[in-house]
Amino acid sequence: KEIATRSKRITNFGSLLKLGPNPHRDLHKLSQKYGPIMHLRLGLVPIIVVSSPQAAELFLKTHDLVFASRPPIEAAKNHRLGSEELEFCHAKINSFKTMREQELDLLIKFLREKTNDRTKVDLSTKVSTLTADMSCRMVLGKKYTDDDLDEKGFKAVMLETMHLSATPNIEKSLMIFFDKIIDEHIQSDNKDDKTKDFVDVMLGFVGTEESEYRIERNDIKAIMLDMLGGSMDTSATAIEWAISELLKNPRVMKNVQKELETVVGMKRKVEESDLDKLKYLEMVIKESLRLHPVAPLLIPYQSLEDCMVEDLFIPKKSRVIVNAWSIMRDPNAWTDPEKFWPERFEGNNIDVKGRDFQLIPFGSGRRGCPGLQLGLTVIRLVVAQLVHCFDWKLPNHMLPSDLDMTEDFGLTMPRANNLIAIPAYRLCRDNN
Ligand code: HEM
């Protein structure tokens, strides 16, 4: 059977490999010409590219069961965080609150020292280290530095393993490292009264017959990779884009700081318990994730069986790419889609949880991001703290409008150039 030869909406473009370094933008342009559901061919595998909220809903909601699988590619080859892990993922969000605040405090202290001589700071690197440290403490129980794995360093090896560039040797050394960590956890047996990390919790399930969470050592290693890979760079990328947009839009920055002054006050730092009251900040984060999705093409889906999507025949094992970047700039769904304008969320309930298909930075449905709550908590907390404690200036008298916003497409989509800025402390000095 041929894919939907009856349908004009699907067009064959030849090889995906012809796309440039920004496939989300190339596919966006193609979709403007050929429509919201397109067919490309990569070798023998049919690829369906979805580029409108309505089309995304068809694949991720109406026919979600059929498209609930992933093709066997690097980013998705690992163990899937199942509903059980997801459950304890949610349950554990609060238990790591103190750890997150401690790590963020260290960064604030470092930045405060920099304010004395008005030195510029590489915020991208600082935030990336912060979120990597938070992830390590949450999953593995302690921070691992770059000397802990091999000469390449822990973070580089993690990232390479997540990217296609990982060689079997790199993966092997990471797995040996994870084995060592698991052994250390078994030996220490959580004797001290520390908060249990994820490895402790997972070890608790090994060999327990009656438990619904039946897992083995290999599952634990795969989940460790999933959780570290899922959380290390995603939150950092979202944070650097949000701060970039605030620097580029001083009006919005002022509004965020004003809200923080009212809700938190100038005598103390932000706490996680403040976050739900910061409604303007919430709109700013939504708007930043809309324009700068961490995963612009989400993660590819694969159809489990033949399926009719409206009048289109999609055969089993087709790959489906959802161009979230294009969807979140769809002029039929958004007024002035290229404009950073958080107020667009005033008086409506559009949220990022996968229910509103025009805003899907975390994907949607069965394969939507299981780390959504955790990711959002970290993004909101770090952005709030950075702009509550400091005023920020661009270096070399650069104007906000001159800040470069070029994207670097990869497994995630960070800034092409690191964000460099100069902090000035703004809280009352007596109490802090
Ligand atoms: C800012 C933070 C984050 C963003 C923007 C983000 C975004 C995403 C997106 C777009 C997907 C693909 C969803 C789809 O294809 O429908 C995804 C999947 C995933 N995320 Fe996240 N994520 C974030 C944080 C996290 C965290 C903190 C974790 C782990 C604790 C995590 C673990 C995962 C995993 C395991 C998957 C694969 C799910 C599957 O294949 O079923 N993510 N994430």
Side-chain angles (χ1 to χ4, degrees), residues 24 50 56-57 59-61 64 67-93 96 100 127-128 130-132 134-140 158 162 197-199 201-202 219 222-243 285-286 288-302 319-325 327-328 351-355 357 359-383 411-414:
H24 56 298
V50 176
E57 183 162 358
F59 284 84
L60 303 184
K61 186 173 169 193
D64 62 337
F67 298 101
S69 170
R70 301 281 195 206
I73 59 160
E74 289 300 310
K77 74 180 175 188
N78 310 312
H79 175 95
R80 151 110 178 94
L81 278 191
S83 54
E84 315 84 55
E85 293 114 52
L86 182 60
E87 231 169 73
F88 71 64
C89 203
H90 282 273
K92 296 295 284 179
I93 289 178
F96 293 108
R100 278 191 294 271
V127 168
S128 167
L130 169 72
T131 57
M134 283 180 176
S135 300
C136 279
R137 282 189 64 184
M138 179 180 69
V139 180
L140 312 175
M158 265 307 302
M162 295 305 291
D197 56 55
F198 275 84
V199 176
V201 177
M202 287 186 291
D219 298 319
I223 295 170
M224 285 161 83
L225 187 58
D226 252 6
M227 294 210 61
L228 288 171
S231 60
M232 265 171 72
D233 253 31
T234 44
S235 316
T237 300
I239 294 163
E240 69 164 3
W241 279 121
I243 301 282
I285 303 299
K286 278 186 202 173
S288 184
L289 286 168
R290 180 182 75 81
L291 286 174
H292 310 286
V294 167
L297 300 178
L298 305 185
I299 300 176
Y301 303 86
Q302 179 171 269
R319 301 215 174 156
V320 177
I321 293 176
V322 176
N323 192 346
W325 188 92
I327 289 171
M328 295 195 283
D351 72 27
V352 291
K353 298 194 177 138
R355 201 196 49 191
F357 285 87
L359 191 66
I360 48 170
F362 292 92
S364 176
R366 280 162 209 271
R367 302 309 296 252
C369 176
L372 180 147
Q373 286 300 346
L374 182 58
L376 272 183
T377 302
V378 172
I379 300 169
R380 288 189 300 167
L381 178 69
V382 176
V383 172
L411 201 61
T412 60
M413 190 180 68

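Heavy atoms only: backbone and side chains are in, while hydrogens, waters and symmetry mates are out. All ligand and atom numbering here is 1-based and tracks the order in the structure. This chain uses plain numbering: 1 for the first residue, then up along the sequence.
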Proximal ligand 1 atoms for [X], defined as those under 4.0 Å from one of its heavy atoms:
X: Pro370; value: 19 (C), 20 (N), 33 (C), 34 (C), 35 (C), 36 (C), 38 (C)
X: Ile379; value: 1 (C)
X: Arg367; value: 13 (C), 14 (C), 15 (O), 16 (O), 38 (C), 39 (C), 40 (O), 41 (O)
X: Leu298; value: 10 (C), 15 (O)

Any idea which of Thr412, Ile299, Leu289 brings a heavy atom closest to atom 37 (C) of ligand 1? Ile299
Which segment of [X] sits under 4.0 Å of ligand 1 when only heavy atoms are counted:
X: Pro293; value: neither
X: Arg70; value: side chain
X: Val294; value: side chain
X: Ser364; value: backbone

What I want to know is whether Arg366 and ligand 1 share at least one N or O pair that is separated by under 3.5 angstrom. no
Can you name the side chain to side chain donor-acceptor pair (under 3.5 Å) partners of Ser135, sequence neighbours left out? Ser231
Ring-plane angle category for Phe198 and Phe96, please: parallel below 30°, perpendicular beyond 60°, tilted otherwise. parallel
